[in-house]
Amino acid sequence: MLKTFAFGSVGREQYIERPHRVQSMLREPIEAASPNSTSNPGASLTFHVTFESGRQAIFKPFAGQSSPTCGHYQQDPSEAPVHEVVAWRLAYALGDRWERMVPTAVLRDVPGVGGGVLVNWRDGWPDWAGAIEAKDQAHAAAFWDALIGQQDRHRANLRFDPRRRRLALIDNAFAFARPNDRSNASEFLAHRRRCNETSLTRGEQMTLDSLVDGDAFHGLKDFLAADRFAAFSDRARKMLSKRVLPLPGDF
């Protein structure tokens, strides 16, 4: 059964299944929020957030988005952060395999900073070698990035927890691209092509079947710009029809 809920509220099903994670991100008092240092010049401003319980998250304020960087990817500065929430909503709807890889993201105001997107913290490091050794997860990441039209999956836009052998796909703001939008990197998709495993698995075909048959693609039509939703839905149907992954940057 489709799990539906609004971005700013929590439905009964979600509350029962994920009371600690989602409820804390939406409602738990925030103890501290400090600028998250970055070595990338021109990168958008982010904050490291700590809740009263000690849980952590990354906050992306709407007011802190880099207009030049967003413009490079043909993204609107006020729209791109919301794609983090849209990506998580899609992963949640598609099932546990995908949600395990995509951090929970919600809309929230952070005191002293303002409104933006709060993204659940994921343990690990940008360990590319470790990530591709976890072959099933790396191949699933390639499928995911192709599906959402990820424009910037370079080797630092991931976290791999070696203790749990768990891959997380962070930074999904520059996604849901349209045809001819700029692509910087799609490392997992390129890696899977190098492995000569571009045919969709049976599980990936079933995932696309459920997506295409879902009510308005699991509600994403209501939360994406019309042209981005059209590109996303067309891409999903094309992948399902051809049963093969697209080329990197083929949006």
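Source: prediction; values computed, not measured.
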If you look at every heavy atom in W98 and T207, which pair is closest and at what distance? NE1-OG1, 3.6 Å
Would a 4.5 Å heavy-atom cut-off, applied to side chains only, mark F51 and I30 as touching? yes
Strictly distance-based, threshold 3.5 Å: is any side-chain N or O of E84 a donor or acceptor partner for the main-chain N or O of N172? yes
Say you draw a straight line from CH2 of W88 to CG of L169; how long is it, rounded to the nearest 0.5 Å? 16.0 Å
Does the side chain of L90 reach to within under 4.5 Å of the side chain of V102, using non-hydrogen atoms? no
Student check: side-chain heavy atoms of Q150 and W144 closer than 4.5 Å: no
Any side-chain heavy atom of L245 sitting closer than 4.5 Å to one from L200? yes
Just wondering, do R155 and P126 contact through their side chains at under 4.5 Å, heavy atoms? no
Taking R165's backbone N and O only, do any of them form a donor-acceptor pair with Q137's side chain (distance below 3.5 Å, no angle check)? yes
Check: A177 main-chain N/O paired with R235 side-chain donor or acceptor under 3.5 Å: yes
Going through the checks in order, is the salt bridge (Lys or Arg N to Asp or Glu O under 4.0 Å) test met by D171 and K60? CA-CA 10 Å; D171 290 345; K60 297 186 174 185; 3.1 Å; yes
Step-by-step side-chain contact (heavy atoms from CB on, under 4.5 Å) determination, L94 to L147: CA-CA 12 Å; L94 293 182; L147 177 61; 4.2 Å; yes
Under 3.5 Å, side chain of R178 to main-chain N/O of A231, donor-acceptor pair present? no
Check whether any side-chain N or O of R108 sits under 3.5 Å from a backbone N or O of M25 as a donor-acceptor pair, and report yes or no. yes
Test item: S233 side-chain N/O and F229 main-chain N/O as donor-acceptor pair under 3.5 Å: yes
Considering only heavy atoms from C-beta outward, does the side chain of N120 approach that of R55 to under 4.5 Å? yes
Taking it one step at a time, do K135 and E197 satisfy side-chain contact (heavy atoms from CB on, under 4.5 Å)? CA-CA 11 Å; K135 180 180 176 180; E197 298 188 38; 3.0 Å; yes
Measuring from E99:CD to T104:OG1, what's the distance to the nearest 0.5 Å? 5.5 Å
Say you draw a straight line from CD of Q65 to CD of E79; how long is it, rounded to the nearest 0.5 Å? 11.5 Å
Would you compute the distance between atom CG of D213 and atom NE2 of H218 and round it to the nearest 0.5 angstrom? 9.0 Å
I'd like to know if the side chain of R153 reaches the main chain of N157, judged simply by a donor and an acceptor atom lying under 3.5 Å from each other, with no hydrogens or angles considered. yes
Which heavy atom of R182 sits nearest a heavy atom of G71, and at what distance? NH1-O, 4.4 Å
Using every non-hydrogen atom in the two residues, find where S199 and E204 come nearest and quote the distance to one decimal. O-OE1, 4.3 Å
Shared ILVMFWY cluster between F251 and F143, side chains joined below 4.5 angstrom? no
Nearest 0.5 Å, what's the CG-CZ distance between D109 and F59? 7.0 Å
Between L189 and L208, is there a shared hydrophobic cluster once you connect ILVMFWY residues whose side-chain heavy atoms come closer than 4.5 Å? yes
Taking atom CG of N180 as the centre, report whether more than 12 heavy atoms of other residues, nucleotides or ligands fall under 6.0 Å from it. no
Minimum-distance pair of heavy atoms, taken over all atoms of P248 and R193: CD-CD, 3.6 Å
Going hydrophobic residue to hydrophobic residue with side-chain gaps under 4.5 angstrom, can you get from V212 over to L220? yes
Kindly indicate whether the side chain of F174, heavy atoms from C-beta on, has any atom under 4.5 Å from the side chain of C70. yes
For residues G130 and F160, report the shortest heavy-atom separation together with the two atoms involved. O-CZ, 3.5 Å
Is F223 reachable from V119 through a run of hydrophobic residues whose side-chain heavy atoms are each under 4.5 Å from the next? yes
Do E28 side-chain atoms and S53 backbone N/O form a donor-acceptor pair below 3.5 Å? yes
Treat each ILVMFWY residue as a node, draw an edge where side-chain heavy atoms are under 4.5 Å apart, and state whether I58 and V82 are in one component. no
Donor-acceptor pair, Q151 side chain versus Y73 backbone, under 3.5 Å? yes
Could you please spell out the steps behind the side-chain contact (heavy atoms from CB on, under 4.5 Å) verdict for F232 and V86? CA-CA 12 Å; F232 165 68; V86 179; over 6 Å; no
Between P68 and H72, is there a side-chain heavy-atom distance shorter than 4.5 Å? no
Non-hydrogen atoms of A175 and H83 that approach each other most closely: O-ND1, 3.4 Å
Just by distance, do the side chain of Q56 and the backbone of H48 share a donor-acceptor pair under 3.5 Å? no
State the CD-CG distance between E187 and D152, to the nearest 0.5 angstrom. 10.0 Å
I'd like to know if R97 pairs up with D136 as an ion pair, taking the criterion as any Lys NZ or Arg NE/NH1/NH2 lying under 4.0 Å from an Asp or Glu carboxylate oxygen. no
